[in-house]
Amino acid sequence: MIVLAAKRLVAMLLIMLVVSFILFSLFEADKMAVAGKVLGPYSSVEQREIWLSQNGYNEPFFTRYTQWIGGALHGNFGDSLQYKVPVSELLTDRLKNTGILALVFFLIMIPLSLTLGVLAGMKEGSWMDRVISVFSVLTTSIPEFVTATFLTGLFVYTWHLLPGTSSMTGGFSWKEMILPVAVLVIYDFGYVTRMTRASMAEVMTSQYIRTAVLKGLPYKRVIMRHALRNALIAPFTVIVLQLNWLLSGLVVVEVFFAYKGFGYLLVDAALFGDIYVIEACVMVAVFVAVFSQFISDIGYTLLNPRIRFS
Amino acid sequence: MTDSVKFDNELPAKRESRVKRFFKVLALMRESPVGMIGLLIILFWVVMAILAPFLPLYDPNAIMAPFQKIGAHAPDGGTFWLGTDHKGRDILSRIIWGAQKVLVWATFATFVAYVVGMMMGVLAGYKGGWADEIVSFIANIFLSFPFIILCIIIVATLGASGWTVVVAVTFASAPQIMRIVRGLVLDLKTRDYIFAAQTRGETPWYIMLVELLPNARGPLIVDACLRLGYTVVAIATLGFLGLGLPPPDPDWGLMLKEAVPLGAFAGHTMYLPAAALASLILGFNLLADGLREISLRD
């Protein structure tokens, strides 16, 4: 177990290192271009040269790379070109907002999809199973921004119930959270529901469930005590891996509703060419993705002792 | 004795022609109503895309009367069947030309991703050892990026254009294709016909490309269909984020981005592209579901 964890940890660090190297070479290998970005398109070559030498850009490539990595490890990603504040300040603020959105999303999505999945998987082929399965396929096949368009059309433009943007300019408001969370839940619950359903359906065909039913236990007790425990192993990993999936979804939803979160920051930076912000955001995103993979691997082995990676 | 001898000039039973086999697959499709619906939706958009230059449509970029309602009369005596957008461009024309654009780029991008992914997968699976380690490590790096974020980095570095979208989709999809192909090849390479080819002294490249890849096609076709759907979503999403195919040519994602803020007084400008996009993606998902159902059965 510890060997496995250590191995995965090393692989994770290696991937992070390679990703950081790719990012650095993509955005900062050409130092003249960096100076051009920082000083603006109308800066002269002399100005750029001065800026480069002042900021230590004339060192060899690998020295610069190690300096950049050192800074990144301490949370120092430089200053944003667009907002003129340290990237770390900007990022912690935005990550907090995204964290709130993701937390509310998980608090609603997990109970909902697990319940639906268990209800559908309890009796394969029943009408409840069919309705839930078809519905989850339909909602998952429609991209977030299309769902968001229809929801905005109905709740904002037609019925005037909810605000159309969630920029939270007047402080935190639950009303502005409803639409972004609803879009994310509608898009994402189908996958976890289907996984739970498949896992539950498999458990229901097993010998010990048959034994429990045959010895006359009430159906409710069979489900709650015997089936659920084993059926929820597979969804656990799926839910943790959702984090990776969620990051992409968050980007779209945050842009759609102008929610001042991490994804909005990233797209904004990409459109502006704010290289330091892009680098920091991508490092955070890849870290979350790789780390959730790590957690899900470890969690899976802990929950299911029959699985042993060597 | 003599009747068991086979002469060289006696041809083996002739293989069915490609056309015949295609119709056989279609007949199989009929067994899955879900897949059939998906296929019909996709065919509808494909036909629209092909017919786009021949239909009596307005130029998709021509600026006429803005915010016309559905079925309004055009200044030149024609009709705006689906109204016009905020710049006064015909929405019907933009949706149909947009279908052509998204289908062409999605197919091309998926194809390129497949070529790269299959090469990586067959190399990793057949050679094994170091080649496998290296290719798998590279794939793992790209798989650790969330899809949209990888696309955003690539577009931010290369600038927005159709070719950038192709590169982005290739980087994001090829590692996944590589994993599937690698798994298939690991199974296939223990077959006798591979040993036969090795004994004949065929080169590794011949074995990989001629013996292995064609025999791995079954599951790949299902995956390709699903992936084509993902690519359509990816292109539309990038368009919506303002990072996709550059304006003014019609792109469904971009149409949505421009229409949503104005939805309060011109709802049709945002519902119509949204519905078009939803139907096409649903079509791909249903078709892939149907294909999977059929391939699992036999």
Side-chain angles (χ1 to χ4, degrees), chain A residues 11-12 14-16 18-19 21-23 26-27 134 137-138 140-150 152-154 156-158 160 164-165 243-252 255-256 258 263 266-267 269-275 278-279 281-282 284-290 293, chain B residues 34 38 137-138 140-160 229-230 232-234 236-243 252-253 256-257 259-268 270-271 273-286 288-289:
Chain A
M12 184 176 124
L14 199 59
I15 284 184
M16 290 298 293
V18 176
V19 166
F21 186 73
I22 294 174
L23 273 181
L26 267 182
F27 290 108
V134 168
V137 172
L138 280 184
T140 313
S141 354
I142 298 172
E144 304 96 332
F145 58 98
V146 176
T147 321
T149 305
F150 287 122
T152 305
L154 288 180
V156 181
Y157 295 145
T158 311
H160 305 286
T165 55
L243 267 178
N244 191 347
W245 190 247
L246 182 68
L247 276 174
S248 291
L250 276 172
V251 173
V252 176
V255 171
F256 192 101
L266 176 58
V267 173
L271 289 171
F272 189 87
D274 199 342
I275 46 176
I278 300 178
E279 286 168 352
C281 285
V282 173
V284 171
V286 173
F287 175 75
V288 170
V290 179
Q293 175 87 53
Chain B
V34 172
F137 185 71
I138 295 173
N140 276 338
I141 289 167
F142 288 104
L143 283 174
S144 64
F145 287 95
F147 185 81
I148 288 297
I149 288 170
L150 185 58
C151 292
I152 291 175
I153 304 171
I154 292 171
V155 176
T157 339
L158 299 178
Y230 290 154
V232 171
V233 179
T237 307
L238 285 176
F240 177 78
L241 296 177
L243 297 164
W252 289 353
L256 259 182
K257 176 197 169 77
V260 167
L262 307 164
F265 58 102
H268 66 287
M270 79 177 189
Y271 287 131
L277 194 53
S279 71
L280 181 61
I281 291 159
L282 195 63
F284 277 113
N285 278 307
L286 293 180
D289 265 14

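Numbers restart at 1 for each chain; the letters A, B, ... are given by sequence-line order, proteins then strands. The structure displayed is predicted, hence computed values, not measured ones.
The candidate from B:F145, B:F240, B:F147 with the greatest count of non-hydrogen atom pairs under 4.5 Å with chain A is B:F240. By number of non-hydrogen pairs under 4.5 angstrom with chain A, the leading residue of B:I149, B:N140, B:L243, B:V233 is B:I149. Contact count against chain B (heavy-atom pairs under 4.5 Å) is highest for A:L266 among A:V290, A:I142, A:L266. The most heavy-atom pairs under 4.5 Å with chain A, out of B:A160, B:A156, B:A274, come from B:A274. The most heavy-atom pairs under 4.5 Å with chain B, out of A:T152, A:T149, A:L246, A:T165, come from A:T149. Between chain B and the residues A:I22, A:V146, A:I278, A:L23, the largest count of heavy-atom pairs under 4.5 Å involves A:V146.
For B:F284, no part lies under 4.5 angstrom from a heavy atom of chain A. For A:V18, the part lying under 4.5 angstrom from a heavy atom of chain B is the side chain only. Only the side chain of A:F27 comes within less than 4.5 Å of a heavy atom of chain B; its backbone N, CA, C and O stay farther away. If you measure heavy-atom distances from A:T158 to chain B, the contacts under 4.5 Å come from the side chain alone. Using a 4.5 Å cut-off between heavy atoms, B:P261 contacts chain A through its backbone alone, with no side-chain atom that close. Using a 4.5 Å cut-off between heavy atoms, B:L277 touches chain A through its side chain atoms alone. Looking at B:A236, both its backbone and its side chain come within 4.5 Å of chain A, counting heavy atoms on both sides. Both the backbone and the side chain of B:Y271 have a heavy atom closer than 4.5 Å to some heavy atom of chain A.
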CA sep, side-chain torsions, deciding dist, call: B:W252, B:V232, side-chain contact (heavy atoms from CB on, under 4.5 Å): CA-CA 10 Å; B:W252 289 353; B:V232 171; 5.6 Å; no

Output, in order, the C-alpha distance, side-chain angles, deciding distance and verdict of side-chain contact (heavy atoms from CB on, under 4.5 Å) for B:V260 and B:L256. CA-CA 6 Å; B:V260 167; B:L256 259 182; 4.2 Å; yes

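The two residues A:I15 and B:F137 have their closest heavy-atom pair at CG1-CE1, 4.2 Å. Of all heavy-atom pairs between A:L247 and A:A285, the closest is CD1-O, 3.6 Å. Here the shortest heavy-atom pairing between B:G242 and A:L271 reads O-CD2, 3.6 Å. Between A:A289 and B:S144, the shortest heavy-atom distance links the atoms CB-O, 3.3 Å. In terms of heavy atoms, B:P273 sits closest to B:H268 at CD-O, 4.1 Å.
Listed by chain and residue number, A:S141, A:R194, B:D289 satisfy the side chain to side chain contact (heavy atoms under 4.5 Å, CB included) test with A:V137 (two or more places apart in sequence, or in another chain). By the side chain to side chain contact (heavy atoms under 4.5 Å, CB included) test, B:L286 pairs with B:V34, B:I37, B:L282, sequence neighbours left out.
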